[in-house]
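Numbers here are sequence positions counted from 1. The basis for the numbers below is simple: all heavy atoms, side chains too, and nothing from hydrogens, waters or symmetry mates.
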Amino acid sequence: MNDTVPRPPTGVGRTRVQEVAALAAASFPGGVNSPVRAFRAVGRDPVVLVRGEGAYVHDADGTRYLDYIGGWGPAILGHAHPAVVEAVRDAASRGFALGATHPSEVELASRVRAAMPSMELLRFTSSGTEAAMSALRLARAATGRDVVVKFAGAYHGHADAFLVEAGSGIATQGIPGSAGVTEAVARDTIVVPFNDREAVSLAFDRDPGRIAAVIVEPVAANIGVVPPVPGFLEHLRQVTLAHDALLIFDEVITGFRVGPRGAQGLYGITPDLTVLGKIVGGGMAIGAYGGRRDIMSLVAPVGPVYQAGTLSGHPLAMAAGIATLEQLPPERYALLEAVSAELERCLIAAARDAQRDVSVIRVGSLLTVWFGRVAPVDAAAALASDRAAFARFFGGMLDRRILLPPSQFEAWFVSLAHGGRELEATIDAASEAFRA
Ligand SMILES: *Cc1c(COP(=O)(O)O)cnc(C)c1O
């Protein structure tokens, strides 16, 4: 792996990580293929990883880190789980993209539908971004309406309609959240605070008959972990039903993460459409969207909503997904919950011992250590947390070989490979890092 990257002629005293990072900077904007990998939010040099194994990752200099990034979610079994590796190897030996229906698609779909019965029909895509974008197109077609309501700080991939930020006011028409997103697109996205029932109702009062869908991460996990307050998801279900709008759950993170039936199973809410990704592909490129049969029947070739993909339902992604879900019977979630709860308890105790104002928020194996006295309920509160303190804590942990997600606003992903030894190492490091 190391030797596939050409070595630059420079570099007296340079480490391999530094060499690769320099070469990456010459090839990619910011040296990365996805922005968070640049570590800008924590002011450190990015890591260059060459190998993952269980709860650990190794960088290009051979340094081993205990990992809480978990590939940004998919690695719920830990990295390179033997059963998943074997399944992918086996599938690869029979060819990659064959460009036709493959039995593995049916098998993964039946597992998804058994776990989330609301997904009566579904489509596999190659990323969560594509799946969310397609779900919105479908919602617009199904309702004959244009507007989507999303929550401030929520991430649904990088399709234009979702790269929209809150304007001023409580329930506002959005403003472009990225250069290159037109104001016309942003006008059709309404951004409201997460956990704010009144703001959602107000949006519907102002635009009755124009809102196609509300899309929500049922547990917000891209502003740090922010659980829904009691009654919030129920309210979304009621208000969308009352206005003939659709409710879309973006379970790209929460699906197969917060429990065997995702957040919809955990909270007992049935959305009209669901978006999946990450775990369902076992670490391979994947997304999926699905839901009510009548709505999904609008998708081509049976219906008028076009959506396609050369690599959709890719046999290697299907194989990795199936092998991963096979390793996740309900009792393993109980184990994951126990380990994660213990981690939460110990982190709180370590922070208290170090006299740090920290709150730890956790839903299943998703966890955020907030630097601030109160745990945020929405994006505005999350932004008010002490990010400089988080950056120092991140650096302290990295120096002790614990790799946290490099932003206050990303969840820690605990895996089934995190056991007693890993918890102990994390807590020892955290106790020191909180004090420093
Ligand atoms: C990661 C993520 C996406 C986008 O998935 P990609 O595969 O990165 O395109 C969408 N929604 C949520 C909630 C995510 O966390």
Side-chain angles (χ1 to χ4, degrees), residues 98-150 156-157 159 161-162 188 209-216 218 233 236-252 254-256 261-265 269-277 280-281 286-315 317-318 321-322 325:
L98 305 179
T101 295
H102 188 281
S104 61
E105 293 168 83
V106 183
E107 190 179 341
L108 186 56
S110 72
R111 284 177 183 275
V112 169
R113 291 169 57 209
M116 296 179 202
S118 72
M119 298 179 78
E120 295 173 338
L121 287 177
L122 65 135
R123 266 281 162 83
F124 287 116
T125 62
S126 298
S127 69
T129 293
E130 267 179 87
M133 176 187 81
S134 304
L136 176 56
R137 180 183 304 139
L138 178 59
R140 285 170 165 160
T143 57
R145 301 172 180 178
D146 294 341
V147 171
V148 61
V149 173
K150 77 175 278 277
H156 304 295
F162 302 121
D188 284 334
R210 283 198 64 225
I211 296 172
V214 173
I215 186 167
V216 64
L233 297 175
L236 298 185
R237 185 61 284 184
Q238 283 160 12
V239 81
T240 46
L241 273 175
H243 289 87
D244 296 319
L246 302 184
L247 178 60
I248 306 174
F249 270 14
D250 181 343
E251 297 226 42
V252 171
T254 55
F256 301 103
R261 297 176 179 281
Q264 52 197 271
I269 308 287
T270 304
D272 300 295
L273 294 173
T274 297
V275 183
L276 294 174
V280 76
I286 202 168
Y289 70 103
R292 278 166 44 191
R293 180 176 297 274
D294 60 322
I295 299 172
M296 288 301 293
S297 298
L298 296 172
V299 176
V302 279
V305 180
Y306 194 71
Q307 182 267 316
T310 304
L311 300 180
S312 295
H314 195 285
M318 300 296 109
I322 293 163
L325 299 191

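A side-chain donor-acceptor contact under 3.5 Å links R237 to the backbone of T270. A donor-acceptor pair under 3.5 Å is absent between the side-chain atoms of H243 and the main chain of A245, judged by distance alone. In this structure a side-chain-to-backbone donor-acceptor pair under 3.5 Å is present from R261 to A115.
A pairwise comparison of heavy atoms in V275 and A132 identifies CG1-N, 3.7 Å as the closest pair. Between L138 and L298, the closest heavy-atom pair is CD1-CB, 3.8 Å. Listed here is the closest heavy atom pair of V252 and G128: CG2-CA, 4.3 Å. Across all their heavy atoms, S104 and P315 have their closest contact at OG-CA, 4.1 Å. Closest heavy-atom contact between A139 and A212: O-CB, 4.0 Å.
Taking 4.5 Å as the limit, every side-chain heavy atom of P271 sits out of range of all side-chain heavy atoms of I248. Put simply, the side chain of L276 does not reach to within 4.5 Å of the side chain of F124, judged on heavy atoms. Residues H156 and L136 have side chains not in contact (no heavy-atom distance under 4.5 Å, counting atoms from C-beta outward). With a 4.5 Å cut-off on side-chain heavy atoms, L273 and F249 do not count as touching. Taking the side chain as every heavy atom from C-beta outward, L233 and Q264 never approach each other to under 4.5 Å. Residues I286 and L108 form a side-chain contact, since some pair of their non-hydrogen atoms from C-beta on lies under 4.5 Å apart. M133 is not listed as a side-chain neighbour of T125, based on a closest heavy-atom distance of 4.5 Å or more. Side-chain contact check for V299 versus Y289: some heavy-atom pair is nearer than 4.5 Å.
To the nearest 0.5 Å, the span separating CD on E105 from CZ on R123 amounts to 10.0 Å. Atom-to-atom distance recorded for E107:CD and M318:CE is 11.0 Å, nearest 0.5 angstrom. The line from CZ of R140 to CG of D146 is 6.5 Å long, rounded to the nearest 0.5 Å. Distance CD1/I211 to CG/L246: 12.0 Å, rounded to 0.5 Å.
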- Message: Checking L247 against I269 for the side-chain contact (heavy atoms from CB on, under 4.5 Å) test, could you report, in this order, the C-alpha distance in whole Å, the side-chain angles of both residues, the deciding distance, and whether it holds?
- Response: CA-CA 10 Å; L247 178 60; I269 308 287; 4.3 Å; yes
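Side chains of Q307 and R137: no donor on one and acceptor on the other come within 3.5 Å. T254 and E251 form a side-chain donor-acceptor contact under 3.5 Å, judged by distance and modelled atom types alone.
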